[in-house]
Amino acid sequence: MKYISTRGQTEPMEFSDVLLMGLAPDGGLMLPESYPQIDGATLDEWRGLSYPELAFAIMRLFATDIDEADLKDIIERTYTKEVFGSDEIVPVRQLKDDLYILGLSNGPTLAFKDVAMQFLGNAFEYVLKQKDKRLTIIGATSGDTGSAAEYALRGKENIEVFMMSPYGKMSEFQRAQMYSLTDANIHNIAIKGMFDDCQDIVKALQQDADFKAKYSLGTVNSINWGRILAQIVYYFKGYFAVTNSNEEKVSFCVPSGNFGNICAGHIAREMGLPIDRLIVATNENDVLNDFFNQGVYTPRPADKTYVTSSPSMDISKASNFERFVYLLLDKNSKRVHELFDGVKAGNGFDLSGVLEAVNTRYGFAAGKSTHQDRLNTIKDVYETYNDLIDPHTADGIKVARELQKEGEVIICAETALPVKFSETIFEAVGDSLSEQDIERPEHTKDIESLEQHVTVLDNDASLVANEIKKVVTPV
Ligand SMILES: *Cc1c(COP(=O)(O)O)cnc(C)c1O
């Protein structure tokens, strides 16, 4: 399996090279040349597999230049009960007849990003060792990516991590999770700006070819192909958990920001998993809702990007979206290049002419949720089903209920646990709830009281470059 760029100007590459990459050299995103097609007999076979077995069956189709025994070993070390709390790894629970929750948030940092990131940490260490290389990971986070990356990469050999987060814009719990780490290879940087400013700094450093080569820059933010790959697995797992035969179809509803999670669902569907609809749920930062309903993509300027109570979805543009647009435009990389050069310059684009294909051929639908919707949904789900959900998951449930069709089975992705956002949970449910009612895994007890380590910088890429130069020896 070879990998190509959405912009068409990068030589085809092997998986292990793509794994360590951020943006392609031509500014695009890397994708496999084609998606493997899974037939019914194979689906039947996969239905009975454990999570690690399923992950291996899927990943070996994509990670073709990694020794199979080694890949199996990496996967078996990653997806364990010790790390994810149960052998199921991503347990499914039922709210009612036709509405399920896929529990993706039982890893170390209590958000879905652990599922991919824990794999990436182990895969990086393996590939770096094979290639005798070092890597400087730079990343941008509005909370969950950063902590998931840090917990996946802490203490790993040959890796330094520089993680940018928007100053003062994360929850107390998220800050505590990240800034309390004491591992020498973890460097937290708070930027006086929005998440997108952090993301722009990462892009600016990546695009400085000299700097990038000299300091071996890499990334683990949501454009990383390895993350998308690891996420494909749980769409299969979720599907098998709620169906008895491949004749049945289910829909997935996914709280979305950078389009990373649901992009994996899109690929699972392209591979032949019987997914009916892929429902994108946004918060007030609704660029994806607009696109999937009107066909018009209008990225937001930073001053129109809202700070919301589902902060991990506070984005102005969806960085993985290009992967879908590439396919939608029949792999016309020249056109993709033009459109996303426009996005970079702050322009939007209009693909309403192919909206029909977006909704039918690719199964996409979308809805939006606001602060009040989130509060109402958290309260209602708690009172009706005695189930406490986090604000992002609530956005998903709100949209799923709103869009659900007669007879449609929907699986909602649980993208974080409520304890990460307890302020909003209390606002929603009120006095009937006490601190103890919000379940908190043992390893996260009292983390808010630990000493925090973070460097605060102005919104300027060169300041971040200086931090890197202080620590990393150039090659
Ligand atoms: C990252 C994140 C999202 C958004 O996922 P994308 O892959 O960016 O679409 C949603 N909810 C939570 C809790 C997250 O951490």
Side-chain angles (χ1 to χ4, degrees), residues 29 101-117 120 139-152 163 165-166 169-171 173-174 177-178 195-196 198-199 220-232 234-235 252-267 278-289 291-292 305 308-324 364 366 368-369 374 378 389-399 412-422 424-425:
L29 304 183
I101 293 183
L102 176 60
L104 301 178
S105 303
N106 302 308
T109 71
L110 320 185
F112 87 93
K113 294 186 174 76
D114 287 327
V115 181
M117 213 68 92
L120 216 57
T141 182
S142 51
D144 294 332
T145 313
S147 52
E150 292 183 354
Y151 281 77
M163 191 58 62
S165 50
K169 303 239 159 52
M170 296 194 299
S171 76
F173 185 89
Q174 286 179 315
Q177 264 191 327
M178 287 178 61
F195 165 68
D196 291 284
C198 300
Q199 206 168 31
V220 291
N221 63 24
S222 71
I223 60 174
N224 181 281
W225 168 254
R227 284 183 59 186
I228 305 279
L229 172 59
Q231 290 168 183
I232 293 172
Y234 56 65
Y235 284 88
F252 284 88
C253 183
V254 182
S256 297
N258 274 313
F259 200 71
N261 194 349
I262 202 158
C263 184
H266 155 66
I267 295 170
L278 288 162
I279 304 172
V280 176
T282 75
N283 65 14
E284 291 88 337
N285 297 292
D286 54 0
V287 290
L288 289 175
N289 178 51
F291 178 79
F292 288 105
T305 307
T308 76
S309 49
S310 46
S312 300
M313 292 150 67
D314 291 349
I315 51 92
S316 65
K317 39 186 186 272
S319 52
N320 271 292
F321 186 46
E322 185 170 330
R323 288 197 162 102
F324 171 62
F364 278 104
K368 167 183 174 173
S369 166
R374 210 165 291 141
I378 292 169
I389 53 172
D390 104 293
H392 306 77
T393 308
D395 288 332
I397 302 269
K398 186 265 178 183
V399 169
C412 292
E414 178 173 55
T415 55
L417 293 192
V419 65
K420 294 192 91 166
F421 304 95
S422 53
T424 306
I425 304 301

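First listed ligand is number 1; within each ligand, the first listed atom is number 1. Starting from 1, each residue takes its place in the sequence as its number.
Lys368 is linked by a side chain to side chain donor-acceptor pair (under 3.5 Å) to Asp286, counting only residues two or more places apart in sequence or in another chain. A search for side chain to side chain donor-acceptor pair (under 3.5 Å) contacts involving Ser256 returns nothing, not counting sequence neighbours. Partners of Thr424 according to the side chain to side chain donor-acceptor pair (under 3.5 Å) rule, which considers only residues two or more places apart in sequence or in another chain, do not exist here.
By the 30° and 60° cut-offs, the orientation of the rings of Phe324 relative to His266 is perpendicular.
Taking the six-membered ring for Trp, Phe291 and Phe364 have ring centres at least 6.0 Å apart.
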Check ligand 1 against the protein and report each N/O to N/O distance under 3.5 Å, formatted as atom name, atom name, distance.
unit_1   : atom_1 : unit_2 : atom_2 : d
ligand 1 : 7 (O)  : Gly260 : N      : 3.1
ligand 1 : 7 (O)  : Asn261 : N      : 2.8
ligand 1 : 8 (O)  : Asn258 : N      : 2.7
ligand 1 : 9 (O)  : Gly257 : N      : 2.8
ligand 1 : 9 (O)  : Asn258 : N      : 3.3
ligand 1 : 9 (O)  : Phe259 : N      : 3.1
ligand 1 : 11 (N) : Thr415 : OG1    : 2.9
ligand 1 : 15 (O) : Lys113 : NZ     : 2.5
ligand 1 : 15 (O) : Asp144 : OD2    : 2.4

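Remark: Glu284 engages Arg374 in a salt bridge, criterion side-chain N to carboxylate O under 4.0 Å.
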